[in-house]
Structure formats: structure tokens, C-alpha cells
There are 2 protein chains.
Amino acid sequence: MTQKPNPLSRIKVNGPIPAHMARSVIEETLRAAILDGRIPCGAALRQQDLADLFGVSRMPVREALRQLEAQSLLNVVAHKGAVVAPLVQGDAVETYALRILLESEALRLSVPLLREEDLEEAARYIDELETESDYTEIGRLNRLFHMTLYSQAPNRRLLKLVEDGLNEEERFLRFNLEAMGLGKLSQDDHKALLQAAAERDVERSVKLLEHHLNRGVEVITRYLNSPEVQARNRSK
Amino acid sequence: MTQKPNPLSRIKVNGPIPAHMARSVIEETLRAAILDGRIPCGAALRQQDLADLFGVSRMPVREALRQLEAQSLLNVVAHKGAVVAPLVQGDAVETYALRILLESEALRLSVPLLREEDLEEAARYIDELETESDYTEIGRLNRLFHMTLYSQAPNRRLLKLVEDGLNEEERFLRFNLEAMGLGKLSQDDHKALLQAAAERDVERSVKLLEHHLNRGVEVITRYLNSPEVQARNRSK
DNA sequence: TGGAATATTTTTGGATCCAAATGACACTAG
DNA sequence: CTAGTGTCATTTGGATCCAAAAATATTCCA
């Protein structure tokens, strides 16, 4: 049996919490830790442990957990604890189908309105991705690259949903990158996508994006079907 | 100055709360009251008042308010209270643009898979809408009719977003119905939509749905630009 | 030795209490 | 008469306490 180190050990607290913003700090810290995978799926978070970790009482922890539950990042089961929402295969396929729908529309609306500075910003993210090797940072840069391309879509509500989807992807992405070095492939996709956007070729951009996302779901499906993951799921 | 009756007076509590499900009961009650407009936009909800009303302490009220905030039904401002989220015009246009995107896709996926019983259920809702005159009930039936048509779409995540959008619409709908008797028009739309779905004519269904929703946003825009509403917004 | 029933322990949810922050009101000074 | 300042009340956020429910461990009996 593999040792099961307390997942909380991977959360670091930067010192005493400013007291009256405890809830938001805890929520943000936990969200980041869940999204980038420091807290694995299925881990049960207990209120008292988190309270001790952050040096506060259980109260702000409770509220933070509820907020995260509302964002469906974790499921709170009565008297059993807050369990980090699992990444099941069906969900991955559904998530990517949704992303294609939402991000295609966002891209369609945004490309004609993109400014030069947006394109330069996106290019910078591609450059940074070239040299970055930390998974968490790669996830962040990937999200920022995509959001920059969508940023001029005149529908904030749509953008909010797109961003939620990208946050969700960061969870998958971490596993992708660890499992198989997919980074280079994605970089080619990114460059082609930026090129099409710079030429204001809406339909080609959308096609490239769909292709990019379809390959993403394929890779993830293969990963979730891999013997390693299958075994882990059986053991749970 | 118009008298300002406590908005809480329109919430009725059915007796003592079963103690260990206080939070969920409060959340559901408040959500329903906000969605169907019994609590008007801009109303400030105070924790102690709600606690007294439900006969519990402030604690479950707090958690319920946070949950509702996460669903962006209200904005919690520190030391100022929980304010019911406003219905501004920009939001309406954006919301309907999103609904068209999401519901078109849901309909496209669902129509080929609809069973006879689904079609019968949808027809029943249309019949009930024919005789119903209570705004709250009309909103509920309208939502159920649409959801029935989408119900077979094989993407639960998409359906969740669609349902959120429909819940949001119920808030607008109440004002629509009060302002102008739009009921009959919608009924014709509904019947045509059901007919197209029954004939498995996907593209015609989608076209009809888009038309239906586009008329919705038009009516709402007109309503929000009406002198009455303009005056109310200025006074705030 | 195995299973079932019970007791203990763990953990969450609600109540009450306290502190901090913000807004309103009144009072004073110019 | 107005503007600015200071105090007070209101309200939210956090801490602590208590009760209820569930999981687990232990013990007893077959």
C-alpha cells in the first residue's frame, strides 16, 4: 500500500490571516489547490484540519467549503466531509463538448474585435509557454492565452462560463502533462490559432479551435482509460 | 413616497423547520421568492430578520445567503447586507444571447431522442398554461415545458446551464407578464415548437426556438426602457 | 472464529457570544 | 446656515459551545 500523506501538507499558509478576510483567503487558497491538483480528487477535507492549518476557527472554513461546493469543485456529504469532485470520463467528454460550443462562440465574437495589444499579449503567453516547465504555471498560461483570444467578445456572461470551463480544464491538464508530454503539440495548435486570429479569419480560427479541443478530449479519454488510472479507480 | 412594506412579509413559513435541514429549506425558500419576484430586486435582506422569520439562529441564514450569492442571485456587501441582484438591460440581452446558444444546442441534441412520453408531457404543460393565471405558476410551467423538450440531450452539464438560464428567465417573465399580457403569443410559439419537435424536424425546431427567444429579449428590452422602469431606476 | 449489536469516537450543523467595521445622526465650530 | 467631526447604533464576520448523526471499533454470543 502506498503511503497516504496528508494532502493538506501541500498547502502552504503565508502567515497569519488578516482576520476579517479569512473566508475569502481560505476559499481562494483551496480553489487554487484543487484546480492545480495539489489536492487530489476524492480527498476528504475536514473542517477542523483546515481550521488548524489556517489558524482560524472552523467557521470561515465552513463558509469557504460551501462556496466551493456551489462552484461544484467539491461535494459536501453530511458527516462525511467535503470530497473533492471526481474527474470521471463522462464528465470530461461533456465538459469538452460544452467548451467547444462556448469557446467557438466566444472566439467568433471576439476575433473581429481583437486589438493589436491583445494579439501581442497572446504571443507573449506562447513564448512563456515555450520555456515553462512547471505544470501549475503551464496551466495558468494556457488559460490566459485562450482568454486573451476571447477577451473582446461582447458578452461578459458568456466569458464567465468560458473561464469556468478553462479553470476546470486546468485540473485535467495537469494530469495530461504528467502522463504524456503533450506540450509541444499544443504549442503548434496555439501558434496556428493565433495566426488565424491575427488574419481575422474567423472560420479558420474556429475550425482550429475545435480541432485543438477535440484532440484534448481524445488525450484525456485515453488517459482515463489507461491501466494506471483504472487501477486507481478500482482501489477506491 | 410610496410605503415600503417589509419584503419579508411575502414569505410564508410553513411551521417550525426540522432543525437539521434548516439551511437547505431556507435556501430553497429564498431562492423561490427571489426568482418569482416576491422579493424585489435591490431589496436588502438582513440576517437577523430572516433568522426571526424562520425561527432559527442567524447561522443557517448566513450559509443560505452565501449559497445564493454563489449562484449570483444576490450580492453580499460587507456590513450592508445581502442585496438582491439587479436586472439590468445589458444583462438581459447577454442572458438571452447565451440562452439561444445553449438551448439551440440542447434542442438539437434532444429532439432526435425524444420519447413519446416526453412529447405528451410537454403537451400537458401547454394545456395547463392555457388555463393558468398565477404568474409564479406560469413561470414554473414555462420552465418545465422547455426543459422537457431538452431533457434527452445527452450532456447533463449542458442541461444544468440551460436550467440555470431558465431559472433566471423566470425573474424577467414575471415582469413581462405583469407589464403586457404576452401569454397568448408565447402559447402559439410553444405549440409550433412542440409540433416541430414531434415531427423530428430539428432545424425547424431550432429556428422556432430562436425566434421565440428573440421575441423574448425584444419584449424585455422594451419593458426595461419603459418610462415606469426608468423612473424606478432613477429613484434608486 | 465470525457476526451482530452496542458503545465510543469523530465530524458536521446549529446556537450563542463577542469583536470589528460601517453608516447615521447629532453637535459644534466657522 | 453649512460643513466637519465625533459618537453611537446597526450589522456582519469570527470564535466557542453544544447536540445530533454517522462511522468505526469493541465486545459478546453463537
Side-chain angles (χ1 to χ4, degrees), chain A residues 1 4 6-8 11 13-31 39 42-70 72-85 235-236, chain B residues 1 4 6-8 13-31 39 42-70 72-85 236:
Chain A
M1 171 88 66
K4 186 187 149 292
N6 192 329
L8 299 187
I11 304 178
V13 180
N14 291 349
I17 310 253
H20 58 281
M21 46 199 317
R23 196 206 73 251
S24 55
V25 170
I26 295 173
E27 183 192 336
E28 273 311 307
T29 306
L30 285 183
R31 195 214 320 270
I39 306 180
L45 306 176
R46 280 187 280 266
Q47 298 179 355
Q48 188 59 57
D49 295 345
L50 292 170
D52 296 343
L53 179 66
F54 287 100
V56 295
S57 84
R58 271 176 44 216
M59 186 71 41
V61 174
R62 259 157 74 166
E63 306 234 328
L65 291 180
R66 290 242 168 268
Q67 297 273 116
L68 295 171
E69 182 192 28
S72 68
L73 281 176
L74 39 84
N75 304 317
V76 174
V77 189
H79 296 97
K80 198 190 152 191
V83 189
V84 177
S235 75
K236 189 178 57 184
Chain B
M1 170 89 65
K4 186 188 148 292
N6 192 329
L8 299 188
V13 180
N14 293 348
I17 310 255
H20 59 281
M21 46 200 317
R23 196 203 76 252
S24 55
V25 169
I26 294 172
E27 184 193 335
E28 272 312 307
T29 306
L30 284 183
R31 195 216 317 274
I39 306 181
L45 306 177
R46 283 191 288 271
Q47 297 180 357
Q48 188 58 58
D49 295 346
L50 291 171
D52 295 344
L53 179 66
F54 287 101
V56 295
S57 86
R58 270 176 46 216
M59 185 71 41
V61 173
R62 259 157 75 168
E63 307 235 327
L65 290 180
R66 290 243 168 267
Q67 297 273 113
L68 294 171
E69 183 193 27
S72 68
L73 281 175
L74 38 85
N75 303 316
V76 174
V77 189
H79 296 98
K80 198 190 150 192
V83 190
V84 177
K236 189 178 57 185

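None of the values given here were measured: they were computed from a predicted structure. Just so we're on the same page: letters track the sequence lines, and every chain starts at 1.
As a whole-Å value, the separation of A/F54 CZ from D/dG13 C1' is 17 Å. In this structure, the CG atom of B/L74 is 15 Å from the C1' atom of D/dT12, given to the nearest Å. The nearest whole Å value for the distance from the CD atom in B/E27 to the P atom in C/dG13 is 13 Å. When rounded to the nearest whole Å, the span between CZ of B/R46 and P of D/dT12 equals 8 Å. Between the C1' atom of C/dG13 and the CZ atom of B/R66 lies a distance of 17 Å, rounded to the nearest Å. Taking atom CZ of A/R23 as the reference point, atom P of D/dT12 lies 14 Å away to the nearest angstrom. Counting to the nearest Å, the P atom of C/dT11 and the CG atom of A/L50 are 12 Å from each other. Taking atom CD on A/E63 and atom P on D/dA15, their separation rounds to 11 Å, with Å as the unit.
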List the steps, then state whether side-chain contact (heavy atoms from CB on, under 4.5 Å) holds for A/V61 with A/D49. CA-CA 10 Å; A/V61 174; A/D49 295 345; over 6 Å; no
As a quick check of understanding, evaluate side-chain contact (heavy atoms from CB on, under 4.5 Å) for A/L73 and A/E69, giving each step before the final call. CA-CA 6 Å; A/L73 281 176; A/E69 182 192 28; over 6 Å; no
Which is it for B/L30 and B/I39 under the side-chain contact (heavy atoms from CB on, under 4.5 Å) test, yes or no, and what are the steps along the way? CA-CA 8 Å; B/L30 284 183; B/I39 306 181; 4.1 Å; yes
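With sequence neighbours excluded, the residues that form a salt bridge (Lys or Arg N to Asp or Glu O under 4.0 Å) with B/E63 are A/R62, A/R66. B/S72 is linked by a side chain to side chain contact (heavy atoms under 4.5 Å, CB included) to nothing, counting only residues two or more places apart in sequence or in another chain. With sequence neighbours excluded, the residues satisfying salt bridge (Lys or Arg N to Asp or Glu O under 4.0 Å) with B/R31 are B/E27, B/E28. In this structure B/S24 satisfies the side chain to side chain contact (heavy atoms under 4.5 Å, CB included) test together with B/M21, sequence neighbours excluded. Not counting sequence neighbours, B/N75 has no partner by the side chain to side chain donor-acceptor pair (under 3.5 Å) test.
For B/P60, the side-chain atoms get nearest to C/dG14 when compared with the rest of D/dT12, D/dG14, C/dG14.
In terms of phosphate contacts, A/Q47 brings no side-chain nitrogen or oxygen within less than 4.0 Å of OP1 or OP2 of C/dT10.
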Would you give a per-nucleotide map of nucleotides 16-21 of chain C, 5' to 3', where B means the base has a protein non-hydrogen atom under 4.0 Å away, S means only the sugar-phosphate does, and - means neither? B---BB
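Taken over five-pair windows at either terminus, the axes of the helix from C/dT1-D/dA30 to C/dG30-D/dC1 are inclined to one another by 0° (rounded to 10 degrees).
Screening B/I26, B/V76, B/L45, B/L74 against B/L68 for a side chain to side chain contact (heavy atoms under 4.5 Å, CB included) leaves a single residue, B/L74.
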